[in-house]
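See below for the structure under consideration.
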There are 2 protein chains.
Amino acid sequence: MKRSRVTLADVAALARVDRAVVSRVVNKDATLNIRPETRERVLAAVEQLGYRPNVAARSLRTARAHMFGIFVPDFANPVYAEIIKGAEAEAAAQGYVLVTGSATGAGLGGYMDRLGQGRVDGLLLAGAGGESGLVEQLDRAGIPWIMLNHRSRSVRRSVVLDDERAAALAVEHLARLGHRRIGHLAGPAGADTATRRSAGYSAAMRDAGLPEGPIVAADYTPAGGAAAMATMLAAAEPPTAVFVANVASAIGAMEAVRKAGLEIPREISIVAVHDLDLASYLFPALTTVRMPLAELGRRGVTLLGRLQPDEAVAEVLDGPIDLIQRRSTAPPPTP
Amino acid sequence: MKRSRVTLADVAALARVDRAVVSRVVNKDATLNIRPETRERVLAAVEQLGYRPNVAARSLRTARAHMFGIFVPDFANPVYAEIIKGAEAEAAAQGYVLVTGSATGAGLGGYMDRLGQGRVDGLLLAGAGGESGLVEQLDRAGIPWIMLNHRSRSVRRSVVLDDERAAALAVEHLARLGHRRIGHLAGPAGADTATRRSAGYSAAMRDAGLPEGPIVAADYTPAGGAAAMATMLAAAEPPTAVFVANVASAIGAMEAVRKAGLEIPREISIVAVHDLDLASYLFPALTTVRMPLAELGRRGVTLLGRLQPDEAVAEVLDGPIDLIQRRSTAPPPTP
DNA sequence: CTGAAAGCGCTTACAG
DNA sequence: CTGAAAGCGCTTACAG
């Protein structure tokens with residue numbers, strides 16, 4: 001386990017060429033004219049000594065780290081796990097490596113401090129809200145950044161998913177089953193995804209010629225979803241189906257329905273956004289809308305590698321969005 | 001969003017001191033004797049210019065990257081998400097940053113290639129098996145490494161959890177409820193955790209004076225768990241309780257029980273290892289054994305920072321292991 | 001108490 | 001077609 005301290009100079013000496021030649025061979029410099037046998041000698045020396053370029057020296061020289069950072073609220077949230085998976089796959093394809101940080105570690109501020117200068121060539125932020133001062137803090141650090149799943153005037157660079165279409169898909173599914181009273185268990189006011197899903201719900205209800213409501217907001221947690229669903233069920237005319245903005249809320253909502261003595265889907269249908277693995281483990285298995293989360297991560301990395309330093313971007317990712325029907329939705333009860 | 005290209009020299013010029021002084025002030029060099037007003041001037045210049053040390057230059061000079069790598073099979077697996085959380089928290093406390101890689105990206109080989117030389121000061125591997133050549137590959141790269149959750153003769157550095165104790169806790173819980181026929185839905189033969197959990201099951205059964213079996217192995221997936229449980233239920237005298245080595249298997253096992261027309265926990269009790277969030281979302285909520293996964297990640301990072309290059313370690317983490325009782329276990333049916 | 005200088009390992013524009 | 005040289009930004013042993 002001893003540190004291999006093989007440098008370019010060692011390889012050059014063994015291959016009897018200059019370090020510059022080794023560098024260009026290793027980096028596959030196309031402008032290098034070299035005799036095949038010389039190249040072979042260099043490659044053999046690299047192999048024999050087990051030479052691996054020192055990334056610090058290379059980064060210092062080229063001012064490129066070949067790393068991207070990605071910051072998420074929580075690794076244990078499967079939504080962000082999917083985004084990271086996509087980001088890592090694309091980074092790997094580009095020969096980049098990912099430096100991950102989460103709010104459960106030491107927060108974004110601590111993360112950026114530890115990043116220092118020049119550690120990453122760009123930073124992806126998922127699940128950040130419109131925290132005041134955030135954009136300024138990012139800009140001051142001088143690191144190109146892109147925000148995922150959140151857009152607003154102050155955010156110059158963002159990629160989001162088509163949450164409105166996801167909501168429409170859910171509502172259309174319920175309407176097609178024959179539901180007329182379709183409620184909406186919305187997300188928290190602060191979350192940008194929640195706003196877009198609610199807008200999509202309203203638009204889809206209008207398109208279907210259905211009256212909106214009831215609408216109750218909750219944070220993206222089971223406890224929040226349970227409380228909101230209890231409120232909804234207490235209404236004079238409770239809905240026969242509910243579009244829930246988030247799987248975590250839906251878990252609580254299902255619990256609340258069960259507590260109220262109602263049966264899913266016979267008496268009430270539920271559909272939620274994000275087709276996480278656990279949706280199929282719930283009872284009954286939850287009908288969901290699948291969004292291209294990994295694709296969002298991929299796209300973020302692609303743009304980070306491509307964008308000019310001052311280029312703005314506000315993209316709605318054009319990926320596949322599908323309704324995954326399971327056992328939590330069915331036609332409404334006949335009165 | 002322009003790149004801040006402020007260097008030590010800029011700060012030194014503004015503060016009218018040498019770069020060396022700035023360096024030592026920034027790094028809080030205790031041996032530096034400096035007049036308070038000079039230090040103030042330096043700090044003010046740092047602040048005014050927004051100076052952040054260039055990590056590539058620092059790494060090149062000191063031969064320390066202040067980064068650790070962590071490689072897992074899959075970010076979306078909540079077991080590894082927990083380990084990463086712990087590792088990140090400890091890394092942050094040390095001023096380190098984490099470079100994550102997963103098998104869904106480009107595999108360990110690709111990850112290590114992209115890491116190059118000197119990018120990380122150490123590497124944590126979680127969920128790796130006893131792949132042949134793995135240890136050699138790691139050693140050749142010259143990066144200190146520690147394997148998490150896997151130990152064997154060839155692995156010189158490992159930290160594992162006390163899987164035997166976890167198994168014992170589960171078996172004791174079932175025995176205390178009055179079960180006599182306690183089956184074991186084991187993990188795959190290749191998995192080291194599975195071996196230790198099975199050993200713990202056998203020892204605990206012996207201690208309880210109970211006959212072993214039935215024992216059926218499955219991989220750590222719902223499908224595998226379902227098939228194994230179906231086999232177990234088809235036995236002449238099926239068990240009244242089952243200790244399942246893994247939550248994913250348990251999900252499938254519960255499904256199989258339901259398909260067989262049996263009720264949990266009235267007719268059969270189930271307890272599984274790892275207290276993941278989703279355990280409480282299952283129906284019925286799953287009784288589990290909680291293992292200190294985050295602590296495992298923390299400990300790995302701590303050791304990585306502390307161990308001598310050639311020091312070996314084979315540690316069984318001494319963290320809290322608890323039985324979390326939910327609704328999937330109860331006394332056996334009275335015949 | 002503070003500064004000058006060397007050098008970490010690489011890349012690249014340039015000279016021959 | 002190949003080599004010599006400068007320099008990226010920092011740290012640290014040493015000189016004054």
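Proteins come first, then strands; the chains are lettered A, B, ... in the order of their sequence lines, and each starts at number 1. As a basis for the values below, the full set of heavy atoms in this structure was taken, side chains included, without hydrogen atoms, waters or symmetry mates.
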Legend entry - Pair A:R156-A:D310, salt bridge (Lys or Arg N to Asp or Glu O under 4.0 Å): steps then yes or no: CA-CA 9 Å; A:R156 266 169 293 113; A:D310 278 310; 5.4 Å; no
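OP1 or OP2 of D:dT11 has at least one side-chain nitrogen or oxygen of B:S23 nearer than 4.0 Å. Of the side-chain N and O atoms in B:T7, none sit less than 4.0 angstrom from OP1 or OP2 of D:dC8. Listed pair B:R35 / C:dT2 meets the phosphate criterion, a side-chain N or O lying under 4.0 Å from OP1 or OP2. An OP1 or OP2 oxygen of C:dC8 is reached within less than 4.0 angstrom by no side-chain nitrogen or oxygen of A:N54.
Whole-Å rounding puts the A:E37 CD to D:dT2 C1' distance at 14 Å. Between the CD1 atom of B:I34 and the P atom of C:dG3 there is a distance of 9 Å, rounded to whole Å. For the pair A:N27 CG and C:dA13 C1', the interatomic distance rounds to 16 Å; values are reported in whole Å. At whole-Å resolution of the value, CG in A:N33 and C1' in C:dC14 are 16 Å apart. Atoms CZ (A:R119) and P (D:dG9) sit 17 Å apart, rounded to a whole Å. The CZ atom of A:R52 sits 15 Å away from the C1' atom of C:dG9 (whole-angstrom rounding). One atom, CG of B:L49, and another, C1' of D:dG9, lie 15 Å apart when rounded to the nearest Å.
For the pair B:L296 and B:L317, the tightest heavy-atom approach, listed with the atom from each and the gap, is N-CD2, 3.9 Å.
The closest donor-acceptor contact from the side chain of A:T302 to the backbone of A:R298 lies under 3.5 Å. Side-chain N or O atoms of B:R64 include none that pairs as donor or acceptor with a backbone N or O of B:D121 at under 3.5 Å. Under the 3.5 Å distance criterion, the side-chain polar atoms of A:R52 are matched with a main-chain donor or acceptor of B:G116.
In the set C:dT11, D:dT11, D:dT2, D:dT2 carries the atom at the smallest distance from any side-chain atom of A:V21. If you check C:dT11, C:dG9, D:dT2 against the side chain of A:A57, the one that comes closest is C:dG9. For A:L8, taking side-chain heavy atoms from C-beta onward, the closest of the listed nucleotides C:dG9, C:dT2, C:dT11 is C:dT11. In this structure, of C:dC8, D:dT11, C:dT11, it is C:dC8 that holds the atom nearest to the side chain of B:L60.
Across all strands, B:S59 comes closer than 4.0 Å to no nucleic acid atom at all (heavy-atom distances). Nucleic acid contact class of B:D29 (heavy atoms, under 4.0 Å, all strands): none.
Residue-environment remark: CG (A:N27) exceeds the threshold of 12 foreign heavy atoms within 6.0 Å.
Ring-plane geometry between A:F68 and A:Y96 is classed as parallel, the angle between the planes falling under 30 degrees on a 0 to 90 degree scale with a further cut at 60.
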Could you pull out the protein-nucleic contacts involving nucleotides 5-7 of chain D (nitrogen or oxygen on both sides, under 3.5 Å)?
unit_1 : atom_1 : unit_2 : atom_2 : d
D:dG7  : N2     : A:R61  : NH1    : 3.1

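A 3.5 Å limit on both hydrogen-bonding distances identifies no Watson-Crick or G-U partner for C:dA13. Applying the Watson-Crick and G-U wobble criteria (two distances, each under 3.5 Å), C:dA4 pairs with nothing in any strand.
A donor-acceptor pair shorter than 3.5 Å can be found between the side chains of B:T193 and B:Y220.
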